[in-house]
Amino acid sequence: MSEPTVSRVLNGRLGVSDRTRDQVVAALEDLGFTDVPTPARTRPGVVGVVCGNFENPIFPALLSAVSAAFGRHGKLVTVAVADAELNPEERCIDEFRRTGVDAVVFVGGRHAQVDGSYERYHELTEAGVPIVLVNGAATELAVPHVRCDEEAAAHRATAHLLGLGHHVVGCIVGSSAYVPTQRIIAGHRRACADVGVPVDPDAIAETSFTFEGARAAALRLIERDITAIFAANDLMALGAIEAGRSRGRGTPDLLSVVGYDGTDFSAFTDPPLTTLRQPIEDMADLAAAAVQAELTGSTLYRDHYVFEADLLSRASTAPASGALAHGPDE
C-alpha cells in the first residue's frame with residue numbers, strides 16, 4: 001500500500017476503494033490505531049465532469065463518450081457546464097466538493113489556458129479526489145492527462161490543402177490565450193514550412209470559437225483571395241463555408257474548408273465536411289480507466305496520453321482551380 005493511500009485513509013478522504021480501505025484499516029488496527037475516520041462520501045459511484053459550453057458540439061459528444069465509458073465501470077456521470085461569467089469552473093468544483101463525487105474529469109477549462117491557475121486542482125487531489133485533465137495543457141500536475149494532438153491535426157489539415165494546390169491556406173482559430181490554439185497555429189506553420197510556403201501572418205485569423213466568429217474571420221480571408229481554410233472546430237468550419245457562399249465562393253469549387261473534431265453532424269452538412277476526427281471514444285475509455293485506477297490507489301495512469309486525429313476526406317475540399325489559386329504576381 002502506498003503512503004498517499006494510507007494518508008487518505010487516516011484523514012478520512014475520498015479516493016480509496018472500499019476493499020483497499022479495509023486492508024489499510026486492518027493494518028492500522030494491528031499497529032494500535034483506532035477510530036479511523038470514515039470518508040464523508042455522499043454520492044458514491046458518481047463522477048463529476050466539468051466541460052465547456054454545449055454550443056461547441058465537441059463538448060456534448062465528449063460527454064456522451066465519457067458517460068458511456070464510466071457506465072461500463074458501473075459509475076454515473078454528473079455534469080457541470082463551466083462559463084467564464086455565469087458559472088466559472090471554480091463554482092463547479094465547489095459544488096462537486098459539497099455534494100461529493102468519486103472523481104472529477106475536466107474537459108478543457110483552466111488547465112487549457114496559457115496562464116491558467118492549477119490551485120483548485122491541487123485542492124481536489126489533496127482532498128483525495130482524483131482528477132483527469134482532458135484536452136488541455138501538458139501541466140506538471142501528477143494526474144492523468146488525456147488529449148488529442150492538435151498540432152499534428154493542424155499540420156495534417158494544412159498539408160492536405162497545400163497538397164491540393166492551394167498556395168495560401170487560411171487558419172481560423174480561437175483565442176491564443178489557450179494552449180490548444182497555440183498548438184494549432186504551430187502545426188499550421190510547420191506544414192507551410194515543410195513545403196517552403198511562407199506563412200502569411202494575416203492568413204491566421206483569431207476569433208471566438210463560434211459559427212459567427214468564424215464567418216466574420218473567413219470574410220476577411222476571402223477578401224485576400226485565400227482559397228482554402230482550416231478551422232479550429234467543425235462549427236467554425238461551417239461559418240467559413242457560409243462566408244464563402246455569401247461572397248459567391250462556393251465550397252469546394254472556389255473555397256476548400258477543413259474542420260476539426262469530426263463531430264457526427266459533419267458527415268451531413270452541405271457539402272459533407274472534410275475534418276480531423278478526435279478519437280473521443282478511446283480518449284473517454286482511457287479517462288475512465290485512469291479514474292478507476294486512482295480509486296484503487298494506483299498511480300499507473302499518471303502520465304500524458306496523446307491521441308492522433310484521423311483525416312476524414314469529404315466533399316468540402318477539392319483541388320485548387322482558376323486564377324484564385326494563384327497569387328497576384330503569378
Side-chain angles (χ1 to χ4, degrees), residues 55-57 150-151 153-178 180-261 266 269-276 313-330:
E55 288 182 2
N56 184 346
E150 297 96 348
E151 181 175 345
H155 179 278
R156 193 169 184 185
T158 301
H160 172 69
L161 292 166
L162 290 170
L164 290 172
H166 298 277
H167 289 210
V168 180
V169 175
C171 183
I172 300 178
V173 294
S175 170
S176 58
Y178 289 89
T181 294
Q182 295 193 351
R183 292 184 185 130
I184 287 173
I185 294 173
H188 171 75
R189 291 180 178 275
R190 183 163 59 85
C192 292
D194 285 348
V195 294
V197 173
V199 177
D200 181 355
D202 292 329
I204 300 174
E206 188 173 323
T207 185
S208 61
F209 293 98
T210 63
F211 177 96
E212 294 79 9
R215 183 181 185 279
L219 287 173
R220 297 194 297 271
L221 296 179
I222 290 169
E223 289 174 357
R224 299 175 55 81
D225 284 341
I226 286 175
T227 61
I229 292 174
F230 169 56
N233 67 45
D234 290 343
L235 191 62
M236 296 170 77
L238 296 187
I241 290 173
E242 176 58 28
R245 284 179 179 150
S246 72
R247 293 296 186 269
R249 301 282 184 85
T251 298
D253 295 338
L254 297 177
L255 180 68
S256 285
V257 178
V258 177
Y260 176 64
D261 287 338
S266 65
T269 57
D270 181 22
L273 183 65
T274 295
T275 183
L276 279 295
S313 182
R314 298 184 179 131
S316 68
T317 53
S321 61
L324 288 176
H326 303 281
D329 298 329
E330 294 184 85

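Bear in mind the structure is a predicted one, so any value in this text is a computation, not a measurement. All residue numbers in this chain count up from 1 along the given sequence.
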Colleague: Indicate the atoms forming the closest heavy-atom contact of V258 with L276, along with that distance.
Modeller: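 Heavy-atom minimum between the residues: CG1-CD2, 3.8 Å.
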Colleague: So R247 and L255, do their side chains get closer than 4.5 Å, heavy atoms only?
Modeller: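 They are not in contact (no side-chain heavy atoms under 4.5 Å apart), so the answer is no.
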Colleague: Could you state the interatomic distance from OG1 (T158) to NE2 (H160), rounded to the nearest 0.5 Å?
Modeller: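 If I round to the nearest 0.5 Å, the distance is 10.5 Å.
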Colleague: Applying side-chain hydrogen bond (donor to acceptor under 3.5 Å, both in side chains) between R183 and each of E150, E151, H188, H155, report the one that passes.
Modeller: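 That would be E150; it is the only one of E150, E151, H188, H155 passing the side-chain hydrogen bond (donor to acceptor under 3.5 Å, both in side chains) with R183.
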Colleague: Measure the CZ-CG distance between R249 and L219 for me, rounded to the nearest 0.5 Å.
Modeller: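 One finds 11.0 Å between CZ of R249 and CG of L219.
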Colleague: Give me the atom names and distance for the closest heavy-atom approach of G259 to F230.
Modeller: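 What the structure gives for the nearest pair is O-CE1, 3.5 Å.
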Colleague: Run R215 and I172 through side chain to side chain contact (heavy atoms under 4.5 Å, CB included) and show every step you take.
Modeller: CA-CA 10 Å; R215 183 181 185 279; I172 300 178; over 6 Å; no
Colleague: Would you say OH of Y178 has more than 12 non-hydrogen atoms from neighbouring residues, nucleotides or ligands within 6.0 angstrom?
Modeller: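 No, the 6.0 Å shell around OH holds no more than 12 heavy atoms from other groups.
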Colleague: Looking only at atom types and distance, does a side-chain atom of T181 sit under 3.5 Å from a main-chain N or O of S175, one as donor and one as acceptor?
Modeller: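 Side chain of T181 to backbone of S175, a donor-acceptor pair under 3.5 Å: yes, one is there.
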Colleague: Could you tell me whether the side chain of D234 and the main chain of Y260 form a donor-acceptor pair under 3.5 Å?
Modeller: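 Judged by distance alone, yes, a pair lies under 3.5 Å.
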Colleague: Evaluate side chain to side chain contact (heavy atoms under 4.5 Å, CB included) for I184 paired with C171, printing each intermediate quantity in order.
Modeller: CA-CA 9 Å; I184 287 173; C171 183; 4.1 Å; yes
Colleague: Using distance alone, with no hydrogens and no angle criterion, decide if R314 and S266 have a side-chain donor and acceptor under 3.5 Å apart.
Modeller: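 The answer is yes; a qualifying pair exists.
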Colleague: Checking the side chain of S316 only, and the main-chain atoms of T274 only, is there a donor and an acceptor separated by less than 3.5 Å?
Modeller: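 Flag set: sc S316 to bb T274 pair under 3.5 Å.
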Colleague: Does the pair D225 and V168 meet the rule for a side chain to side chain contact (heavy atoms under 4.5 Å, CB included), with working shown?
Modeller: CA-CA 9 Å; D225 284 341; V168 180; over 6 Å; no
Colleague: Any idea which heavy atoms bring H166 and P319 closest together, and the distance?
Modeller: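 It is NE2-C, 4.1 Å.
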Colleague: Closest approach of S256 and A318, non-hydrogen atoms and distance?
Modeller: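 In this case the closest contact between S256 and A318 is OG-N, 2.9 Å.
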Colleague: CG/L254 to OG1/T227 distance, rounded to the nearest 0.5 angstrom?
Modeller: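 Rounded to the nearest 0.5 Å, the CG-OG1 separation comes out at 9.0 Å.
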Colleague: Work out which heavy atom in I226 is nearest to a heavy atom in I229; give both atom names and the distance.
Modeller: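 Taking every non-hydrogen atom into account, CG2-CG1, 4.4 Å.
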Colleague: Closest approach of A243 and A218, non-hydrogen atoms and distance?
Modeller: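 What the structure gives for the nearest pair is CB-CB, 3.6 Å.
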Colleague: I'd like to check I241 versus L273 (side-chain heavy atoms, cut-off strictly below 4.5 Å). Are they in contact?
Modeller: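 Yes; the side chains approach each other to less than 4.5 Å.
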Colleague: Decide yes or no for L162 and D194: does some side-chain heavy atom of the first lie under 4.5 Å from some side-chain heavy atom of the second?
Modeller: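 No - every pair of side-chain heavy atoms lies 4.5 Å or more apart.
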Colleague: With a cut-off of 6.0 Å (strictly less than), are more than 12 heavy atoms of other residues, nucleotides or ligands near CZ of R189?
Modeller: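 Counting other residues, nucleotides and ligands, CZ of R189 stays at 12 neighbours or fewer.
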Colleague: If you round to the nearest 0.5 Å, how far is CD1 of I204 from SG of C192?
Modeller: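 Separation between the atoms: 7.5 Å.
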Colleague: State whether the side chain of T317 and the backbone N or O of V257 hold a donor-acceptor pair below 3.5 Å, judged by distance alone.
Modeller: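 No; judged by distance alone, with no hydrogens or angles, the pair does not exist.
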